[in-house]
**Q** 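Please read through the structure below; I'll follow up with questions.
Atoms within a ligand are numbered from 1 in the order they appear, just like the ligands themselves. Values reported hereafter were calculated over all heavy atoms of this structure, with side chains retained and with hydrogens, waters and symmetry mates removed.
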Amino acid sequence: MPADTELVNHAPDVLVVGGGVIGLTVAYELAGQGVAVRLLDKGRLGREASWAGAGMLPPGNPHFAAPEAALRAESHVRWDALTRELRETTGIDNGYTRCGGLHVLERDALDDLVSSWSNEGVSGRIIEADEVREHAQALATDVDVAAWLPEMGQVRNPRHVAALVSGCVARGVDLREGEPVLDFELDGDRVLAARTPSGRHSAGRFCVTGGAWSRSLLEPFGVELEVTPVRGQIVLLRTPSPLLRQVVEAGPRYLVPRPDGRLLVGATEERVGFDKRTTAAAVAELIEFATDLVPALGEAEVERTWAGLRPGSPDRRPFLDRVPDLDNLFVAAGHFREGLQTSPATAVLMREMILDQPCSFSPEPFRLSRRLATTPV
Ligand SMILES: Cc1cc2nc3c(=O)[nH]c(=O)nc-3n(C[C@H](O)[C@H](O)[C@H](O)COP(=O)(O)OP(=O)(O)OC[C@H]3O[C@@H](n4cnc5c(N)ncnc54)[C@H](O)[C@@H]3O)c2cc1C
């Protein structure tokens with residue numbers, strides 16, 4: 001850390017506000033470079049969107065990805081090593097696997113999809129009925145064409161978050177639950193401290209990773225962060241043995257099978273504010289989608305339903321940046337439907353920004369200024 005940010009009185013070098021997958025991965029990454037980090041969460045660590053998500057990890061290729069797709073591509077090449085490192089350090093297996101994925105759509109839409117993968121340097125192809133059945137015997141018989149994405153991955157969110165928490169502890173991160181940050185204390189262009197009901201938390205640098213709740217944290221600085229909650233509902237089904245091995249996607253709906261016979265059916269996209277209830281209509285619709293696609297799921301047990309609040313952004317890309325006019329405040333929020341998959345590269349980019357290191361890929365598509373409205377503080 002630069003000399004001006006070295007602190008006394010046990011204040012950390014960096015204070016991270018929000019302990020979802022983004023905040024935890026940023027903290028883990030910073031601590032890996034010897035930075036003293038404290039992370040505050042208003043509730044329990046990793047229990048919001050990062051717990052609720054389905055954990056699908058679509059592939060990318062850093063050599064071909066457009067700048068906007070860099071987070072996914074750079075993350076794709078990091079998941080394996082991150083998983084291994086967390087398992088070696090913590091003993092927790094996050095369930096990461098390259099299970100492959102099938103897309104079920106009209107043929108024209110599949111052609112477009114496969115050519116977009118090809119432009120991105122991602123392998124995938126159209127497969128016809130016999131091969132579809134070889135991959136997924138349980139799919140409805142009227143599915144006679146699909147697109148096959150061999151490098152599609154998945155991770156089990158609750159396990160990954162548990163591994164990150166444990167990994168952070170192993171690296172000396174000071175993790176604190178039940179600490180809602182109410183506001184920040186300023187001195188000119190520097191943030192001095194974050195205030196919670198328990199007191200002041202001073203630090204050299206601050207990073208807001210509050211997911212769907214991030215907007216209100218930046219409002220006092222005249223920053224209109226265009227991040228809003230987008231509810232996603234999920235139905236968890238269970239069969240005695242797995243009916244599918246691969247993720248199956250059909251537009252915005254999907255089936256994510258776990259090796260233990262559990263299968264997630266997702267997800268809705270609803271703008272209903274900070275309301276995390278599940279609804280009869282959405283659950284019925286998701287079950288209908290699942291049983292239409294895989295008829296044998298009609299016999300599955302409904303184990304659980306839940307909803308989470310994605311941090312939505314207008315162009316579906318996160319905001320990763322230093323907050324303008326403030327020397328030491330950063331934000332990483334608005335990952336929408338891609339926060340799990342893009343968390344490894346998000347953490348690398350944020351570590352580079354926070355520590356004034358050269359960026360390993362372009363942060364431009366994720367700048368606040370791409371659509372930021374500011375008013376004087
Ligand atoms: C149903 C569903 C399915 C999804 N499926 C996928 C998927 O398959 N693949 C994928 O990549 N992504 C998926 N996502 C999206 C992904 O879950 C999110 O993009 C990601 O979890 C966002 O992480 P986050 O850390 O920004 O937010 P969160 O996980 O919401 O974490 C934010 C944290 O900040 C804390 N916080 C907020 N305000 C304060 C404050 N004032 N003080 C202190 N702490 C605060 C909260 O308590 C919370 O723990 C899905 C999401 C949902 C809901």
**Q** With no hydrogens and no angle check, is any side-chain donor or acceptor of S166 less than 3.5 Å from a backbone partner on A162?
**A**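 No; zero donor-acceptor contacts below 3.5 Å.
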
**Q** With a 4.0 Å cut-off on heavy atoms, does Y254 reach ligand 1?
**A**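 Heavy atoms of Y254 do come under 4.0 Å of ligand 1.
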
**Q** Check this for me: does any side-chain nitrogen of one of R190 and E185 sit under 4.0 Å from a carboxylate oxygen of the other?
**A**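 So R190 does not pair with E185 through a salt bridge.
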
**Q** When you measure from atom 5 (N) of ligand 1 to each heavy atom in A54, A307, A333, which option holds the nearest one?
**A**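 That would be A54.
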
**Q** Between D80 and R78 (salt bridge meaning N to carboxylate O under 4.0 Å), is one present in this structure?
**A**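 Looking at R78 together with D80, the answer is no, because their closest N to O distance does not fall below 4.0 Å.
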
**Q** Could you tell me whether R205 sits above the aromatic face of F330, with NZ or CZ closer than 6.0 angstrom to the six-membered ring centre and within 45 degrees of the axis?
**A**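 Judged by the rule, R205 and F330 form no cation-pi pair.
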
**Q** Which residue supplies the protein heavy atom nearest to atom 40 (C) of ligand 1, what is that atom called, and how far is it?
**A**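 In this structure, atom 40 (C) of ligand 1 has V181 N, 3.7 Å as its nearest protein heavy atom.
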
**Q** Is the shortest distance from a Lys or Arg side-chain nitrogen in R253 or D292 to a carboxylate oxygen in the other one below 4.0 Å?
**A**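 Salt bridge absent between R253 and D292.
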
**Q** Find all atoms of ligand 1 within a distance of less than 4.0 Å from any non-hydrogen atom belonging to L217, and give their numbers and elements.
**A**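 Selected atoms, number and element: 41 (N).
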
**Q** Flag the pair R231 and D275 as a salt bridge only when some basic side-chain nitrogen lies within less than 4.0 angstrom of an acidic carboxylate oxygen.
**A**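 Yes, this pair counts.
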
**Q** Closer than 4.0 angstrom: is that true for some heavy atom of R231 and an atom of ligand 1?
**A**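 So R231 does not count as touching ligand 1.
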
**Q** Out of curiosity, is P180 lining ligand 1, as in a heavy atom under 4.0 Å away?
**A**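 Checking ligand 1 against P180, which is what was asked, there is a heavy-atom contact under 4.0 Å.
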
**Q** Return the option from H335, Q341, M56 holding the heavy atom at the smallest distance from atom 7 (C) of ligand 1.
**A**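 Result: the heavy atom closest to atom 7 (C) of ligand 1 is in M56.
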
**Q** Students should be able to answer this: which protein heavy-atom is nearest to atom 44 (N) of ligand 1, and at what distance?
**A**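 The closest heavy atom on the protein side is K42 N, 2.9 Å.
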
**Q** May I ask you to establish whether R87 and Y96 are in a cation-pi arrangement, using a distance under 6.0 Å from NZ or CZ to the six-membered ring centre and at most 45° from the ring axis?
**A**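 So R87 doesn't make the cation-pi contact.
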
**Q** When you check the gap from the basic side-chain N to the acidic O, do R317 and E68 get nearer than 4.0 Å?
**A**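 Result for this pair is no, no salt bridge flagged.
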
**Q** Should I234 be counted as touching ligand 1, given the test is an N or O pair under 3.5 Å?
**A**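 Min N/O separation from ligand 1 is not below 3.5 Å for I234.
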
**Q** Between H103 and W117, is the ring centre distance below 6.0 Å?
**A**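 Yes; W117 has its ring centre under 6.0 Å from that of H103.
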
**Q** Write out the residue and atom name of the closest protein heavy atom to atom 15 (C) of ligand 1, then the distance separating them to 0.1 Å.
**A**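 The closest one turns out to be F336 O, 3.1 Å.
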
**Q** Under 4.0 Å from a heavy atom of G211: give me the atoms of ligand 1 that qualify, with their elements.
**A**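 Selected atoms, number and element: 26 (O), 27 (O), 32 (C).
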
**Q** Counting heavy atoms only, which of G18, G210, P311 is nearest atom 22 (C) of ligand 1?
**A**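 Comparing heavy atoms across G18, G210, P311, the nearest one to atom 22 (C) of ligand 1 lies in P311.
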
**Q** Would you say that L236 contacts W306 through its side chain, given a criterion of any heavy-atom pair below 4.5 Å between the two side chains?
**A**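 Yes, at least one pair of side-chain atoms sits under 4.5 Å.
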
**Q** Which of the listed options, V256, D41, N157, holds the heavy atom that is closest to atom 33 (C) of ligand 1?
**A**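 Looking at heavy atoms only, the winner is D41.
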
**Q** Can you tell me which residue and heavy atom of the protein come closest to atom 12 (N) of ligand 1, and the distance to 0.1 Å?
**A**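 Minimum-distance protein heavy atom for atom 12 (N) of ligand 1 reads R337 O, 3.0 Å.
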
**Q** Given G20, G339, A212, S50, which one has a non-hydrogen atom that is nearest to atom 23 (O) of ligand 1?
**A**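 Among G20, G339, A212, S50, the closest heavy atom to atom 23 (O) of ligand 1 comes from S50.
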
**Q** For atom 38 (N) of ligand 1, what is the closest protein heavy atom, and at what distance to 0.1 Å?
**A**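 So the nearest neighbour among protein heavy atoms is W213 CB, 3.4 Å.
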
**Q** Strictly under 4.0 Å, does any heavy atom of G55 approach an atom of ligand 1?
**A**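 Yes.
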
**Q** Could you check atom 24 (P) of ligand 1 against the protein and tell me its nearest heavy-atom contact, residue, atom and distance included?
**A**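 Result: I22 CG1, 3.7 Å.
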
**Q** I need the atoms of ligand 1 closer than 4.0 Å to a non-hydrogen atom of G308, numbered in the order shown.
**A**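 So the answer, numbered in order with elements, is 53 (C).
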
**Q** Quick test: of every protein heavy atom, which one is nearest to atom 2 (C) of ligand 1, and how far off is it to 0.1 Å?
**A**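 Atom 2 (C) of ligand 1 sits closest to the protein heavy atom G53 CA, 3.7 Å.
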
**Q** Is there a donor-acceptor contact under 3.5 Å from the side chain of D41 to the main chain of E177?
**A**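 Between the backbone of E177 and the side chain of D41 there is no qualifying donor-acceptor contact (under 3.5 Å).
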
**Q** Among all protein non-hydrogen atoms, which one is nearest to atom 17 (O) of ligand 1, and what is the separation to 0.1 Å?
**A**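 Looking only at protein heavy atoms, the one closest to atom 17 (O) of ligand 1 is A49 O, 3.1 Å.
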
**Q** Should the pair R238-D260 be classified as a salt bridge under the 4.0 Å nitrogen-to-oxygen rule?
**A**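 No, no charged N to carboxylate O under 4.0 Å.
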
